[in-house]
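Presented below is the structure to which this report refers.
Chain letters run A, B, ... following the sequence lines, proteins first and then strands; every chain starts at 1.
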There are 2 protein chains.
Amino acid sequence: MRTPLHPPIEDVGLAGVLSALGDPVRLRIVRVLADGEEHLRPDFDVPVGQSTLSHHMKTLRDAGVVLSRPEGTRCFVSLRPELEQRFPGLVAAVLRNLEGATGPAADH
Amino acid sequence: MRTPLHPPIEDVGLAGVLSALGDPVRLRIVRVLADGEEHLRPDFDVPVGQSTLSHHMKTLRDAGVVLSRPEGTRCFVSLRPELEQRFPGLVAAVLRNLEGATGPAADH
DNA sequence: ACCTTTCATCGATGTTCATCGATCATAGAT
DNA sequence: ATCTATGATCGATGAACATCGATGAAAGGT
């Protein structure tokens, strides 16, 4: 667990956030995170391998969506709180529209 | 002006919409469209060539964000109204956070 | 008939991205 | 010191994407 580098919040751009959220796997991650709590990897049951999950985590982290807090060998992940001040209502709006709909074929 | 094919609204997915919006050029397009009016190509002053603009339009159209209405040789573009029922508050939230910030380097 | 405008499409190119398996680094336990 | 668990990183591969210039199609004007 080396570098939990989070970009400064002023470097976080809207396009980057939306792009990071524009993926079914990452939306599922965010859905789990929606309760505001910290979560560990096993909580995200996404249909990808471990290394791919790691990649998606990095994508969310680099985009400023997610916060990683390594502790020992594990890594607690949570929604980045400053995002709300940066883009008020944005994450909330996404979360509200997230129920059961992460993809075009997910609403039946 | 051949095929103004819009996907049925029930096929429009959240990930697709967010992904389509996750691009600086397309965000600029959406910003112009934010007034609810129809617009023509010259209204979008984006730093890309004509064919690339066309491509971005198709991306937005395929994602269900935008509506194309060909008329004669021109093509009127507007925000797709059904998106509001589909994902209430989503576009509004993006639009509210759009002022002057389409990218990480756009806030100085 | 011809030219012009407006937009879509095609073909090509270079970049980014999702994915995987394998390896490496770290921390904790034995 | 060794083993184990967790997650990051590396290398490779195929897919998707942004971009461009050139060409094509449709409608209007001369």
Side-chain angles (χ1 to χ4, degrees), chain A residues 1-7 13 15-30 32-33 38-63 65-78 102-105, chain B residues 1-7 13 15-30 32-33 38-63 65-78 102-105:
Chain A
M1 210 94 30
R2 205 83 54 70
T3 47
L5 277 183
H6 302 86
V17 170
L18 294 174
S19 182
L21 294 176
D23 178 281
V25 171
R26 292 193 290 265
L27 275 185
R28 288 178 66 161
I29 294 173
V30 167
V32 172
L33 260 21
E38 287 187 319
H39 286 271
L40 294 167
R41 294 308 223 275
D43 295 344
F44 315 110
D45 81 313
V46 287
V48 295
Q50 177 265 319
S51 65
T52 303
L53 214 202
S54 210
H55 158 72
H56 283 298
M57 278 303 172
K58 177 175 166 52
T59 299
L60 286 170
R61 184 159 20 92
D62 289 351
V65 176
V66 134
L67 213 103
S68 291
R69 187 174 65 83
E71 185 176 304
T73 135
R74 283 149 338 147
C75 185
F76 291 95
V77 181
S78 57
T102 53
Chain B
M1 210 94 28
R2 206 85 53 70
T3 47
L5 278 182
H6 301 87
V17 170
L18 293 174
S19 183
L21 293 176
D23 178 279
V25 170
R26 293 194 288 267
L27 276 184
R28 288 178 66 161
I29 294 174
V30 167
V32 172
L33 260 22
E38 288 187 318
H39 286 270
L40 294 167
R41 295 308 223 275
D43 295 345
F44 314 110
D45 79 314
V46 287
V48 295
Q50 178 265 320
S51 64
T52 303
L53 213 201
S54 209
H55 157 72
H56 283 298
M57 279 302 172
K58 178 175 166 52
T59 299
L60 286 170
R61 184 158 21 91
D62 290 350
V65 176
V66 134
L67 213 104
S68 291
R69 187 174 64 83
E71 186 176 303
T73 137
R74 287 152 330 153
C75 185
F76 291 95
V77 181
S78 57
T102 53

Only pairs under 3.5 Å count here: list side-chain donor-acceptor contacts from residues 45-56 of chain A, not counting sequence neighbours, and write none if there are none.
unit_1 : atom_1 : unit_2 : atom_2 : d
A:H56  : ND1    : A:R26  : NH1    : 3.0

Rounded to whole Å, how long is the line connecting atom [atom1] of [X] with atom [atom2] of [N]?
{"X": "A:R69", "N": "C:dT26", "atom1": "CZ", "atom2": "P", "result": "20 Å"}
{"X": "A:H6", "N": "D:dA8", "atom1": "NE2", "atom2": "P", "result": "10 Å"}
{"X": "B:M57", "N": "C:dT6", "atom1": "CE", "atom2": "P", "result": "15 Å"}
{"X": "B:D43", "N": "C:dC7", "atom1": "CG", "atom2": "C1'", "result": "15 Å"}
{"X": "B:H39", "N": "C:dT6", "atom1": "NE2", "atom2": "C1'", "result": "18 Å"}
{"X": "B:R41", "N": "C:dC7", "atom1": "CZ", "atom2": "P", "result": "5 Å"}
{"X": "B:F76", "N": "C:dT6", "atom1": "CZ", "atom2": "P", "result": "12 Å"}
{"X": "B:R74", "N": "D:dA25", "atom1": "CZ", "atom2": "C1'", "result": "17 Å"}

Distances under 3.5 Å between nitrogen or oxygen atoms of protein and nucleotides 19-21 of chain C:
unit_1 : atom_1 : unit_2 : atom_2 : d
C:dT19 : OP2    : A:H56  : NE2    : 2.4
C:dC20 : OP2    : A:G49  : N      : 2.8
C:dC20 : OP2    : A:T52  : OG1    : 3.0
C:dG21 : O6     : A:S51  : OG     : 3.1

Any [X] side-chain heavy atom under 4.5 Å of [Y] side chain:
{"X": "B:R41", "Y": "B:C75", "result": "yes"}
{"X": "B:F76", "Y": "B:H39", "result": "no"}
{"X": "A:F44", "Y": "A:L33", "result": "yes"}
{"X": "B:L60", "Y": "B:I29", "result": "yes"}
{"X": "A:S68", "Y": "A:M57", "result": "no"}
{"X": "B:L67", "Y": "B:R61", "result": "no"}

Tell me whether B:D62 contacts the main-chain N or O of B:T59 through its side chain, where contact means a donor paired with an acceptor under 3.5 Å.
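Pair absent, no side-chain N/O of B:D62 close to backbone of B:T59.
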Taking a pair as Watson-Crick (N1 to N3 plus N6-O4 or O6-N4) or G-U wobble (N1-O2 and O6-N3), both under 3.5 Å, which stems of 3 or more consecutive pairs involve DNA chain C?
C:1-30 with D:1-30
